[in-house]
Amino acid sequence: NLDETERLIKHEFQNIDCACSGIDDKMYIFVTNAAMLSDVKRFISEKTGLNHMAFKIKYIDTVPKNESGKTLYVILENFYD
């Protein structure tokens, strides 16, 4: 579940913002702290029990949000490989 993954990451790493989205069998996790990429990948792989290859962790300056603070997931699709 993408929402639950976001909650897990935000709870464990309180100094970063993140957003999760995905396609088919790949979950993209966008985080706002480049130094935490490997830590987030290791954490979420251990927490979910899924192979780390199921996740693509990417750094972005800020998570795109609308005026009411909701994440604009459609913009995140521009960062997919």
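Since the structure is predicted, the reported quantities are computational estimates derived from the model, not experimental observations.
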Close side-chain approach of [X] to [Y], heavy-atom, < 4.5 Å:
X: Ser21; Y: Phe30; result: yes
X: Val63; Y: Leu72; result: no
X: Leu76; Y: Pro64; result: yes
X: Val31; Y: Ile60; result: no
X: Ile29; Y: Lys56; result: no

Is a side-chain N or O of [X] found less than 3.5 angstrom from the main chain of [Y], in a donor-acceptor match?
X: Thr48; Y: Ile44; value: yes
X: Thr32; Y: Asp17; value: yes
X: Gln14; Y: His11; value: yes
X: Glu6; Y: Ala19; value: no
X: Asn66; Y: Gly69; value: yes
X: Thr71; Y: Lys65; value: no

(request) State whether Asp81 and Lys26 are salt-bridged, where the test is any N-O pair (Lys NZ or Arg NE/NH1/NH2 against Asp/Glu carboxylate O) under 4.0 Å. (result)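 The answer is no: the pair does not qualify as a salt bridge.
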
(request) Please list, chain by chain and in numerical order, all residues satisfying ring pair (Phe, Tyr, Trp, His ring centres under 6.0 Å) with Tyr80, sequence neighbours excluded. (result)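 Residues passing ring pair (Phe, Tyr, Trp, His ring centres under 6.0 Å) with Tyr80: Tyr28.
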
When rounded to the nearest 0.5 angstrom, what is the spacing between [atom1] in [X] and [atom2] in [Y]?
X: Ile16; Y: Tyr59; atom1: CD1; atom2: OH; result: 11.5 Å
X: Glu46; Y: Lys41; atom1: CD; atom2: NZ; result: 13.0 Å
X: Cys20; Y: Phe55; atom1: SG; atom2: CZ; result: 9.0 Å

(request) Could you check Arg7 against Ile9 for side chain to side chain contact (heavy atoms under 4.5 Å, CB included), going step by step and ending with a plain yes or no? (result) CA-CA 5 Å; Arg7 280 191 289 278; Ile9 294 169; over 6 Å; no

(request) Taking atom NZ of Lys58 as the centre, report whether more than 12 heavy atoms of other residues, nucleotides or ligands fall under 6.0 Å from it. (result)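 Counting neighbours around NZ of Lys58, more than 12 heavy atoms of other residues, nucleotides or ligands fall under 6.0 Å, so yes.
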
(message) Let me check something: do Ile23 and Leu2 share a hydrophobic cluster, defined by ILVMFWY side-chain heavy atoms less than 4.5 Å apart, either directly or through other members?
(response)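 No; Leu2 is not reachable from Ile23 via cluster members.
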
(message) When you group the ILVMFWY residues by side-chain heavy-atom contacts below 4.5 Å and let the links chain together, are Ile57 and Phe79 in the same group?
(response)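 No, Phe79 does not connect to Ile57 through the hydrophobic network.
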
